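Here is the structure we will look at, set down as structure tokens.
None of the values given here were measured: they were computed from a predicted structure.
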Amino acid sequence: MTDLTQAMTVVADYYKDHAIKQKGGKMYLQVVHRVEAFRRVLGAEFGIDTKIIVDDGHRVVVKAIVTNSNGITVGSGMAEEIRGQGHVNTTSALENAETSAIGRALASLGLSGGEYASANEMDAVPRKAENIKQNQTVAVEKQDPPSQQSPAPSEPTTEMTREELDAKHDKGVWQDMKSRLRQMKHVNNVHTLFETMKPKIQDIKQRNPEAAQHIVKLFLDAEDKLTTGEA
């Protein structure tokens, strides 16, 4: 772990020159600088991999792991973001969560740069708390007052079938990709998003090839439009 210790030293040096002040006055070294120090010392010997744990159109959870040259996990971190909560998460909740997860994975190795939580995570705390509060308020408003609540229904509630749930999920993914691709300005961004979404598209393809084809077509159309525009 001598190289890792060296990376910690480089991060400490970066902290002196690049740390930024957060709310409350605490100093923080951004993930980009810590990844740079990580690669500067370890090169390709260690790897950083990320995986989407949850992406249901509302909540995004990403896990990041750091592996050594033998493929053994030596560090990990997870991050959660709520779509639409805050300026960044309106268009880039997935990217935001991935960056935060990487930051926490590096922090688990001692490459924290002063604070374990990422800057984005610290800014996200008020947003997530407000989102929870709003959801609770909506749930209460939807309930009938105790004296006006209807008796329990005599017939069982109709539940969605697995096929209906899958179709709803696939449509949500298609709509999400359509919205995000529409806002992209560079072909490289399209390629990056596609690589991130490939596992999910493969899952959809196994049970609904047509739905997967529609999603892939969104990427192809976006790539063609941007390539033509950049030519």
Side-chain angles (χ1 to χ4, degrees), residues 48-65 76-102 104-105 120-121 124 127-128 130-132 134-139 141-142 153 155-230:
I48 301 175
D49 192 19
T50 58
K51 180 180 181 181
I52 300 173
I53 305 300
V54 177
D55 185 0
D56 57 10
H58 172 67
R59 186 169 67 104
V60 179
V61 179
V62 176
K63 180 177 182 179
I65 62 171
S76 65
M78 296 183 68
E80 177 188 47
E81 293 294 341
I82 307 299
R83 290 193 181 279
Q85 291 294 308
H87 177 69
V88 175
N89 285 345
T90 300
T91 58
S92 308
L94 180 60
E95 295 89 335
N96 195 10
E98 182 180 47
T99 299
S100 295
I102 292 173
R104 291 184 63 82
N120 287 330
E121 287 179 281
R127 291 189 279 102
K128 293 176 182 177
E130 180 63 24
N131 183 71
I132 293 172
Q134 290 177 356
N135 289 342
Q136 291 174 339
T137 301
V138 171
E141 290 176 348
K142 287 183 178 180
E155 298 181 359
T157 303
T158 302
E159 296 183 356
M160 296 181 69
T161 65
R162 169 51 58 184
E163 289 74 14
E164 290 173 331
L165 288 171
D166 288 341
K168 182 178 180 181
H169 170 269
D170 298 346
K171 183 178 180 181
V173 173
W174 182 87
Q175 291 174 331
D176 183 36
M177 292 302 100
K178 181 179 180 181
S179 175
R180 294 169 66 179
L181 288 168
R182 185 181 297 163
Q183 300 177 53
M184 290 188 173
K185 306 297 183 183
H186 303 288
V187 175
N188 287 341
N189 294 339
V190 175
H191 294 167
T192 299
L193 179 59
F194 181 73
E195 288 301 317
T196 301
M197 293 299 299
K198 277 175 68 175
K200 176 170 287 190
I201 296 174
Q202 288 297 327
D203 289 340
I204 295 175
K205 184 178 180 180
Q206 291 179 3
R207 52 181 168 73
N208 192 339
E210 185 177 356
Q213 185 177 358
H214 285 310
I215 296 172
V216 171
K217 188 175 185 300
L218 289 175
F219 284 91
L220 294 175
D221 290 346
E223 180 183 38
D224 183 62
K225 180 180 178 180
L226 290 173
T227 300
T228 303
E230 294 177 359

Note: A64 and A105 closest approach over all heavy atoms is O-CB, 3.7 Å
What pair of heavy atoms forms the shortest contact from A79 to S100, and how long is it? CB-CB, 3.5 Å
Interatomic distance, E223 atom CD to L218 atom CG [nearest 0.5 angstrom]: 13.0 Å
Could you tell me the separation between the CZ atom of R180 and the CZ atom of R83, rounded to the nearest 0.5 Å? 4.5 Å
Rounded distance [0.5 Å steps], CG in D170 versus CD1 in I201: 11.0 Å
Inter- and intrachain pairs under salt bridge (charged side-chain N to carboxylate O under 4.0 Å, His left out), touching residues 85-94, at least two apart: none
I would like to know whether I82 and H58 meet side chain to side chain contact (heavy atoms under 4.5 Å, CB included); could you show each step before the answer? CA-CA 6 Å; I82 307 299; H58 172 67; 3.6 Å; yes
Start with the C-alpha distance between R104 and M78, add both sets of side-chain angles, then the distance that settles side chain to side chain contact (heavy atoms under 4.5 Å, CB included), and finish with yes or no. CA-CA 7 Å; R104 291 184 63 82; M78 296 183 68; 5.9 Å; no
Counting only heavy atoms not in E195, do more than 12 fall under 6.0 Å of its CD? yes
Strictly below 4.0 Å, N to O, side chains only: are D221 and K217 in salt-bridge contact? yes
Quick one: does I204's side chain get under 4.5 Å of I215's, heavy atoms only? yes
Going through the checks in order, is the side chain to side chain contact (heavy atoms under 4.5 Å, CB included) test met by E95 and T192? CA-CA 10 Å; E95 295 89 335; T192 299; over 6 Å; no
Give a yes or no on whether the backbone of Q175 and the side-chain of S179 come within a donor-acceptor separation of less than 3.5 Å. no
Side chains of T91 and Q183: do they bring a donor and an acceptor to under 3.5 Å? no
Return the CD to CD distance between E98 and E81, rounded to the nearest 0.5 Å. 12.0 Å
Kindly compute the distance separating OG1 (T50) from CD1 (I102), expressed to the nearest 0.5 Å. 5.5 Å
How far does CG of L181 sit from CG of D176, to the nearest 0.5 angstrom? 9.0 Å
Exactly one candidate in L220, L226, T228 meets side chain to side chain contact (heavy atoms under 4.5 Å, CB included) with D224; the answer is T228
Hey, does K178 have a side-chain heavy atom less than 4.5 Å from the side chain of R182? yes
K200 side chain to D55 main-chain N or O, any donor-acceptor pair under 3.5 Å? yes
What are the two closest heavy atoms between V60 and A97, and how far apart are they? CG1-CB, 4.0 Å
With side chain to side chain contact (heavy atoms under 4.5 Å, CB included) as the criterion, how do E163 and R207 come out once you've worked through the C-alpha distance, each side chain's angles and the decisive distance to 0.1 Å? CA-CA 10 Å; E163 289 74 14; R207 52 181 168 73; over 6 Å; no
Contact check, side chains of R59 and V61, non-hydrogen atoms, under 4.5 Å: yes
With the side chain counted from C-beta on, respond yes when V173 and M197 share a heavy-atom pair under 4.5 Å apart, and no when they do not. yes
